[in-house]
Undergrad: 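Structure incoming, see below.
Just so you know, these numbers use all the heavy atoms, side chains as well, and skip hydrogens, waters and symmetry mates. Chain naming here is simple, since letters A, B, ... match the order of the sequence lines and numbering starts at 1 in each.
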There are 4 protein chains.
Amino acid sequence: MAQSQPIDKRTLILDAAIKVFAKNGYHRSRVSDIAEEAGIAYGLVYHYFKNKEEVLSSIFRERWSAFLDVIRLYREAPITTREKFTSICFYLLNSYNLRPELMEVLILEIARSSKFLQDSHIEEFNEAFRLLEGMIRDGQACGDLRADVDPSLSAYSFLGAIELILTGYVLNTLKARDVKTYQKVAETVVDVFIDGLGKR
Amino acid sequence: MAQSQPIDKRTLILDAAIKVFAKNGYHRSRVSDIAEEAGIAYGLVYHYFKNKEEVLSSIFRERWSAFLDVIRLYREAPITTREKFTSICFYLLNSYNLRPELMEVLILEIARSSKFLQDSHIEEFNEAFRLLEGMIRDGQACGDLRADVDPSLSAYSFLGAIELILTGYVLNTLKARDVKTYQKVAETVVDVFIDGLGKR
Amino acid sequence: MAQSQPIDKRTLILDAAIKVFAKNGYHRSRVSDIAEEAGIAYGLVYHYFKNKEEVLSSIFRERWSAFLDVIRLYREAPITTREKFTSICFYLLNSYNLRPELMEVLILEIARSSKFLQDSHIEEFNEAFRLLEGMIRDGQACGDLRADVDPSLSAYSFLGAIELILTGYVLNTLKARDVKTYQKVAETVVDVFIDGLGKR
Amino acid sequence: MAQSQPIDKRTLILDAAIKVFAKNGYHRSRVSDIAEEAGIAYGLVYHYFKNKEEVLSSIFRERWSAFLDVIRLYREAPITTREKFTSICFYLLNSYNLRPELMEVLILEIARSSKFLQDSHIEEFNEAFRLLEGMIRDGQACGDLRADVDPSLSAYSFLGAIELILTGYVLNTLKARDVKTYQKVAETVVDVFIDGLGKR
DNA sequence: GATGAATGAGGTTTCATTCAT
DNA sequence: AATGAATGAAACCTCATTCAT
């Protein structure tokens with residue numbers, strides 16, 4: 001497939017939807033807005049997706065799995081637990097750097113809508129926590145991490161920290177726009193998380 | 001007809017709205033749903049609020065300030081920094097215990113909406129981070145906390161951790177329904193946050 | 001009744017309504033606007049008038065009769081037919097000068113609405129034409145006016161001319177704000193109407 | 001399904017609107033009434049027009065220009081000034097004969113709404129007066145008309161006379177339903193206007 | 001008389017979705 | 001595949017009117 005021109009229409013629509021949802025929010029976005037952004041007729045959206053909700057669902061399904069893959073990848077990697085945390089944290093922060101609109105949609109629209117989504121994605125969401133929880137258990141097993149702390153709560157805490165920092169970027173209450181800063185931020189977060197904020 | 005309690009109609013509407021928003025989400029909730037829940041005609045909602053958005057805004061404005069007051073209170077209290085963190089964390093978790101619907105709305109709807117709300121509440125949101133940041137600075141100044149960590153990022157991390165744990169409760173992926181558990185969870189979160197997850 | 005303070009509330013409401021209707025048009029005016037303008041509670045309007053339409057009707061009924069009286073007066077007066085026309089024309093133009101808002105309502109709202117008003121005022125409207133028509137017949141009988149012209153059409157033409165000139169003032173496409181000009185305009189209109197625009 | 005005539009939907013809607021507005025008045029007419037009259041779903045009205053007001057505006061814009069064209073045509077025609085007046089007057093009266101509903105809307109709704117219309121049509125309205133004024137100046141210049149009478153006031157008087165006669169037809173206080181009568185009426189109006197009602 | 005809380009019919013408008021072309 | 005006219009459910013909001021106080 002010589003990706004020269006055609007560009008998969010489906011992807012074209014998804015990318016347009018990400019842009020539009022990020023700008024206006026899912027509920028305030030019209031199917032016609034997406035189509036206009038994609039430069040197609042709005043009827044065509046219904047060739048590729050059952051309905052508007054399906055568009056949002058697809059964004060989630062197809063992007064979230066990439067994130068899960070990355071966690072799996074780092075989890076298995078021959079690096080220290082601290083490096084695993086840092087890598088995941090940086091990956092998420094940098095994802096925002098690379099595709100801010102996508103992250104806005106994932107964070108503001110999907111995470112918070114999942115309670116209401118028909119085809120609920122809670123299970124897929126959960127997978128992230130389970131993976132991270134497993135990674136923490138691994139760390140505890142190998143002696144990198146304290147064993148007396150609940151791995152599930154720790155996973156939630158870690159992702160929550162990252163998520164709110166990303167929200168800060170999304171809502172523009174935190175500023176940072178370059179890879180170097182993101183690297184530094186990732187290290188700080190992991191530093192707090194592993195070494196603690198307390199004085200020794 | 002001696003109404004047993006006069007009951008402020010405005011509050012009646014707000015409480016009904018919290019219940020309805022928590023159940024269906026803001027956008028899926030109709031003004032008539034709120035009115036029905038409140039046992040009034042929907043036209044009356046427009047006597048007390050300019051429109052549906054104003055109802056959501058009011059919920060936020062009038063409840064968020066309570067949270068800010070609590071942070072201020074604990075910040076000034078003659079207790080250790082760790083105790084301050086634990087108190088705040090428990091307060092939030094227990095708020096969910098006491099008024100789960102209110103917390104659902106605050107967590108799921110307002111953060112998402114604040115980007116789009118006319119009269120954006122970002123400033124009020126920020127105040128929470130500023131207060132917590134100040135509290136961390138205090139802790140650093142008095143030697144309770146390491147001085148080499150960015151207070152702002154730490155504040156975001158701490159609240160993010162709590163927020164995602166609450167989201168876990170809201171989305172029912174985390175279970176816990178009694179004060180004792182919440183107290184334990186608060187201690188765990190603060191433990192991780194201050195002492196770190198790493199082995200010494 | 002010492003008219004010192006009380007001021008008839010009914011009149012107060014009517015005057016407020018005239019002001020409000022003139023500014024926003026009947027349909028765009030709310031009962032509460034009228035009440036606000038009158039400085040009373042809007043429920044009180046319903047003590048004095050059956051409903052909003054009744055307010056408009058009353059304005060018409062109570063003011064139009066004044067106009068009819070003036071036509072009757074001049075018709076009977078011991079003056080030339082030309083003077084009668086001039087007096088009526090000036091009276092109407094000057095009424096606008098004195099109470100522009102009242103004239104706006106009479107011209108813009110009532111004429112338009114009379115087709116739809118419940119208690120249609122067409123008969124009262126007609127009375128003006130009948131009176132003027134009678135005046136024209138008198139003029140024809142006494143030899144002041146040509147006898148070969150339809151008096152009814154003449155009456156419509158005369159009032160129509162004045163009405164559109166007033167509309168010009170109302171819509172601000174014609175300008176004139178002093179009694180002297182109005183006197184001059186009245187004379188011009190009657191000049192055209194009686195002597196004709198044609199060259200002799 | 002071979003539609004006998006394609007029929008422009010936009011025009012279909014406008015014609016339906018004219019009928020409905022004439023019958024009930026603009027404010028008393030619902031968009032659904034228009035749609036029903038046009039035999040379409042009411043949502044379709046919003047494909048062709050921004051809102052209800054736009055429908056009224058379009059009626060005006062697209063019909064008033066025809067009238068202006070006629071004035072221009074007669075003004076330039078190689079006929080006497082009297083013939084010009086008579087032609088215009090007859091054209092308007094006959095327009096009512098041909099499309100009474102359109103004229104009702106133009107006269108009762110638009111003329112009197114223009115003060116409130118967003119995109120005010122006052123300028124287009126004015127153009128009619130300007131053209132007629134120019135025609136009168138021409139008549140004065142060529143010696144057909146007296147030069148000592150204000151052309152602007154004369155134009156208002158002439159159109160006002162016609163308008164009120166039409167209003168008489170609309171409100172059914174004047175009766176006339178055939179071309180021959182309209183021709184006669186036009187001649188009478190112009191007779192009064194040019195030769196005057198006074199005896200020589 | 002006077003108030004304004006309360007009601008709810010009524011209307012506008014939006015927009016997801018269908019479908020003939 | 002692609003288009004966009006057409007549909008109509010659905011929701012918001014207004015505001016005339018009533019009525020308890």
Undergrad: Using heavy atoms and a sub-4.0 Å distance, could you list which residues of residues 38-48 of chain B are near DNA chain E? By number, please.
TA: B:I40, B:A41, B:Y42, B:G43, B:L44, B:H47, B:Y48
Undergrad: Can you name the residues that form a salt bridge (Lys or Arg N to Asp or Glu O under 4.0 Å) with C:E101, not counting sequence neighbours?
TA: none
Undergrad: Identify, with sequence neighbours excluded, every residue that meets ring pair (Phe, Tyr, Trp, His ring centres under 6.0 Å) alongside C:F67.
TA: C:W64
Undergrad: Find the distance C:R30:CZ to F:dC15:P and express it as a whole number of Å.
TA: 5 Å
Undergrad: May I have the list of side-chain donor-acceptor pairs in residues 33-40 of chain C shorter than 3.5 Å, sequence neighbours left out?
TA:
from, atom 1, to, atom 2, distance (Å)
C:D33, OD1, C:R30, NH2, 3.4
C:D33, OD2, C:R30, N, 3.0
C:D33, OD2, C:R30, NE, 3.4

Undergrad: Take atom P in F:dT21 and the same atom in E:dG1, then report the distance between them in whole Å.
TA: 22 Å
Undergrad: Between C:V105, C:I18, C:N51, C:L14, which is the residue that forms a side-chain contact (heavy atoms from CB on, under 4.5 Å) with C:L56?
TA: C:V105
Undergrad: C:I13 CD1 to E:dT3 P: how many Å, rounded?
TA: 10 Å
Undergrad: Take B:V31 and C:K52, find for each the nucleotide of DNA chain F with the closest heavy atom, and name the residue whose nucleotide sits nearer the 5' end.
TA: B:V31
Undergrad: Grab the CZ-P distance between B:F49 and F:dC13 for me, whole Å please.
TA: 13 Å
Undergrad: I need the full list of ring pair (Phe, Tyr, Trp, His ring centres under 6.0 Å) pairs touching residues 17-41 of chain D, with sequence neighbours left out, sorted by first then second residue.
TA: C:H27-D:H27, D:F21-D:Y26
Undergrad: What stem regions, each of at least 3 consecutive Watson-Crick or G-U pairs below 3.5 Å, can be found for DNA chain F?
TA: E:2-21 with F:2-21
